[in-house]
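Only one structure is covered here, and it is reproduced in the block below.
Chain letters run A, B, ... following the sequence lines, proteins first and then strands; every chain starts at 1. Computed from heavy atoms alone, side chains included, the values below leave out hydrogens, waters and symmetry copies.
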Amino acid sequence: MAKGNCPECDAKIEIEDPVIREVTECPECGAELEVVEVKGDKIKFSVVELSGEDWGE
Amino acid sequence: MRVGVIGARGYTGGELLRLLYTHPKVEVTYVTSRQHAGKPVGSVHPNLRGLLDLKFEEFNVSRASEKCDYIFMAVPHGTSMDITPQLLEVGLKVIDLSADFRLKSEEEFKKYYGPHKRPELLGKAIYGLPELHRGELRGAQFVACPGCMATSAIIGAAPIVSSFKVDFEKIVVDAKIGSSAAGREADESTHHPERTGVVRPYKVVGHRHTAEIEQELSGLVGRKVKVALSAHAVDIVRGILSTLHFFLEEGVDEKEVWKAFRSFYSDSPFVRIVRQKIGLYKLPDPKAVIGSNFCDIGFELDNDNSRLVVLSAIDNLVKGASGQAVQCMNLMEGWDETLGLNFPGLFP
Amino acid sequence: MRVGVIGARGYTGGELLRLLYTHPKVEVTYVTSRQHAGKPVGSVHPNLRGLLDLKFEEFNVSRASEKCDYIFMAVPHGTSMDITPQLLEVGLKVIDLSADFRLKSEEEFKKYYGPHKRPELLGKAIYGLPELHRGELRGAQFVACPGCMATSAIIGAAPIVSSFKVDFEKIVVDAKIGSSAAGREADESTHHPERTGVVRPYKVVGHRHTAEIEQELSGLVGRKVKVALSAHAVDIVRGILSTLHFFLEEGVDEKEVWKAFRSFYSDSPFVRIVRQKIGLYKLPDPKAVIGSNFCDIGFELDNDNSRLVVLSAIDNLVKGASGQAVQCMNLMEGWDETLGLNFPGLFP
């Protein structure tokens, strides 16, 4: 089980045998994250930019 | 006098038609909507059925110039900047309800709305808030009407920032807004089971109207006034209540606040000061102004926190948009400011 | 374990009965209401019909002591101070939902509620906010539950005032509240045509809950924390959203705020941090917690104004009153804090 932190809210995220470019969602803030680096059991994520939904703008 | 409404499909467009229909000095001669071209106005605005026998048309500059003296732009931001310049060029008077020409600074515009296609026109329009720009509106040719939340916040704040020493860096504006302010486009967030019963903080920082509120208040006071704005959607259709929190840097008593409000708005027929000792509606509440062009303002002094709380209530579609546009037209033509607008709201 | 509810006619009384009915370790043995003595509980609380075959009785200390181990006081302020001391004297455990014993300072009490009849008992009750006083609640005998608005404001503010340098003199709390918070007494202001569709600023300064919010936050931080509170009635029945505006005196980034919230509430099962990138309910909204004991908290950073906005949403009858009271009982008995409370709200 590899671990990393969400770049947006610093939540701890665990993924079983992560794959580069795999996309997951942060369980706490819902940010869409992409696995960009895996070193041993350490994962590095980057945020997949979403088109900002602006309800009722 | 002949008037046209461009982009009349939306709620502000429909509200303009409602108000113009009963205006003694104008006739609506031209109404456009890309989506509903060829259809009668009443099919889109049911309250106008059988009253306004006009059909929507596709927009065309020469038709507009041939059929109208005045044009109200009720199109979304970004569209107006394409059309309005063409109308001005053919000598039409334009009252723009979009945000495209409200701001004087191109940079501020870019920050909130993205790049402007016709930056050279910024600052050319008069900011259509009669309570602050009555003189300049007389005889004006091009007016940009304020945003709905900006209208209620500015009217509430103007007398205070120009009369009292407050912390100009820490003015909180906490706004509660009805669903009609989000416009006619339906999406997941306006789905009835999702929209009913919410107290939904939808734009808690960086709300677009911050720019025009700061522009107008800073202009009034002659120094930078910052506004910390937060907007919430609440379970009403029409109506905005802005709650403004000022931190006082000098002792102020109630009479002085009354005086500041009264003198600032002595010649503003649509601003009512509401601060009653008895009754249910002691302080401003949108429910008391729905359907009218009134802006009710009131206040309370909080000595424990040397805080002054101002309340400002409007109907976002009337004083916050279409009613204010008609009010501007009256001033541009030199007519009585209240012409066609002097009616009470619906209550309860 | 046998429990009684004194003054069970009101909405908080009814909500207590609803929650206690499904609580695995308690049995409701005694329910009083002066007005409805002799009537079955279901005649006053229709949701309980056929479920709780109990009749209201007149209050009587010996009956209470004979039939119960725990008593929930759901009587108005001012009444509890007459009855609660008698219950304590006969060795009953009391959870008081009124304001009578929340404040430690007699002077503060007098300022907001008038003179206290039993001032010597002030400070004897544990302030029933588990998120701040979990340890003290274990094994406690006398608990005073917080006000509904105080609950949502304190839970929102606690991690911020204890983690960051903010202007402690200028904290604005702008609350939006449902009609059930005003209680069961009908009057002109709660008449449906008058209460529907309002955004009514009803207590804009000097709201009673200011005292307990300041008491708890100042106690937490070890210096005077002032709170500038304003309350508005909005068109929902259950629910409170508190919007807290803090002016930062040091740079703060989003991760630090997340961290402050997480660490402060790491052992608080009923506090959820809500700050989503996607979806309709990105930030706390009472609609997402109605009927549950959750308090959703979220935030946004406003760098332009060095402001931190915190949102805190609860159901005023559950986490803001009866649910919190049951949560306190669980802790007093050393049970799992979520016992009988671990259910989701109703949605939509």
Side-chain angles (χ1 to χ4, degrees), chain B residues 167 169-172 174 176-178 188-189 191-194 196-202 204-206 210 226-230 232-241 243 245 247 279-288 290 298-307 309 311 313 347-348, chain C residues 167 169-172 174 176-178 188-189 191-194 196-202 204-206 210 226-230 232-241 243 245 247 279-288 290 298-307 309 311 313 347-348:
Chain B
D167 185 337
E169 305 280 314
K170 294 175 179 165
I171 299 174
V172 171
D174 191 299
K176 295 89 182 168
I177 304 192
E188 212 194 323
S189 78
H191 182 48
H192 188 271
E194 305 276 3
T196 303
V198 299
V199 183
R200 174 185 295 162
Y202 71 91
V204 173
V205 298
T210 307
K226 287 173 69 68
V227 158
L229 179 59
S230 292
H232 311 72
V234 292
D235 193 357
I236 50 178
V237 176
R238 285 178 180 235
I240 292 182
L241 181 81
T243 309
H245 304 269
F247 288 99
L280 278 188
Y281 296 83
K282 295 192 180 71
L283 286 169
D285 182 339
K287 190 171 169 80
I290 298 302
F299 68 92
E300 288 291 354
L301 268 171
D302 177 3
N303 299 318
D304 293 352
N305 294 289
S306 52
R307 171 179 62 140
V309 185
L311 291 320
F347 180 83
Chain C
D167 184 338
E169 305 280 313
K170 293 176 179 164
I171 299 174
V172 171
D174 191 299
K176 295 87 181 168
I177 304 192
E188 216 197 323
S189 77
H191 181 47
H192 189 273
E194 304 277 5
T196 302
V198 298
V199 184
R200 175 184 294 163
Y202 70 92
V204 173
V205 298
T210 306
K226 286 173 70 67
V227 160
L229 177 61
S230 291
H232 311 72
V234 291
D235 194 357
I236 51 178
V237 175
R238 285 176 180 238
I240 290 182
L241 181 81
T243 309
H245 305 269
F247 289 99
L280 278 187
Y281 297 83
K282 292 193 179 75
L283 287 169
D285 181 339
K287 191 171 169 80
I290 299 302
F299 68 92
E300 287 291 353
L301 268 171
D302 177 3
N303 299 319
D304 293 352
N305 295 288
S306 52
R307 171 180 61 141
V309 185
L311 290 321
F347 179 83

Below 4.5 Å, heavy-atom pairs only: which of [options] has the largest tally toward chain B?
| options | value |
| --- | --- |
| Val227(C), Val234(C), Ile171(C) | Val227(C) |
| Asn303(C), Ile236(C), Asp302(C) | Asp302(C) |
| Glu188(C), Glu194(C), Arg200(C) | Glu194(C) |

Measure distances from [X] to the heavy atoms of chain C and classify the residue's part below 4.5 Å as side chain, backbone, both or neither.
| X | value |
| --- | --- |
| Tyr281(B) | side chain |
| Val198(B) | both |
| Leu229(B) | backbone |
| Ile240(B) | neither |
| Leu280(B) | both |

When [options] are compared by non-hydrogen pairs under 4.5 Å with chain C, the top option:
| options | answer |
| --- | --- |
| Val204(B), Asp235(B), Asp167(B), Thr210(B) | Val204(B) |
| Lys226(B), Arg307(B), Arg238(B) | Arg307(B) |
| Lys176(B), Lys282(B), Glu169(B) | Lys176(B) |
| Pro193(B), Pro348(B), Gly178(B) | Pro193(B) |

inquiry  = Do Val309(C) and Thr243(C) make a side-chain contact, defined as non-hydrogen atoms from C-beta onward lying under 4.5 Å apart?
reply    =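 Sidechains of Thr243(C) and Val309(C): in contact.
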ask   = Is the shortest heavy-atom distance from the side chain of His245(C) to the side chain of Asp174(B) under 4.5 Å?
value =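 Result yes, sub-4.5 Å side-chain heavy-atom pair found.
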key: Nearest heavy-atom neighbours spanning Pro286(B) and Ala313(B)   =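 Closest heavy-atom pair between Pro286(B) and Ala313(B): N-CB, 3.6 Å.
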ask   = For Pro201(C) and Leu241(B), which heavy atoms make the closest approach, and how far apart are they?
value =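 Heavy atoms only, the tightest pair is CG-CD2, 4.1 Å.
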query = Could you go step by step and tell me if Phe299(B) and Leu283(B) meet the side chain to side chain contact (heavy atoms under 4.5 Å, CB included) rule?
reply = CA-CA 7 Å; Phe299(B) 68 92; Leu283(B) 286 169; over 6 Å; no
inquiry  = Taking Thr196(B)'s backbone N and O only, do any of them form a donor-acceptor pair with Lys287(C)'s side chain (distance below 3.5 Å, no angle check)?
reply    =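 Yes, because the side chain of Lys287(C) sits within donor-acceptor range (under 3.5 Å) of the backbone of Thr196(B).
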ask   = Ignoring hydrogens and geometry, is there a side-chain-to-backbone donor-acceptor pair from Asp285(B) to Val199(C) under 3.5 Å?
value =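 The answer is yes, because a donor-acceptor pair under 3.5 Å joins these two groups.
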inquiry  = To the closest 0.5 Å, what do you measure between CZ (Phe247(C)) and NZ (Lys170(C))?
reply    =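 Interatomic distance, Phe247(C) CZ to Lys170(C) NZ, rounded to 0.5 Å: 8.5 Å.
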request  = Could you grab the distance from atom NE2 of His232(B) to atom CD1 of Ile177(B), nearest 0.5 Å is fine?
outcome  =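 Reported to 0.5 Å precision, the distance equals 9.5 Å.
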Select one option (side chain, backbone, both, neither) describing which atoms of [X] are under 4.5 Å from chain B's heavy atoms.
| X | value |
| --- | --- |
| Tyr202(C) | neither |
| Val237(C) | neither |
| Ile290(C) | neither |

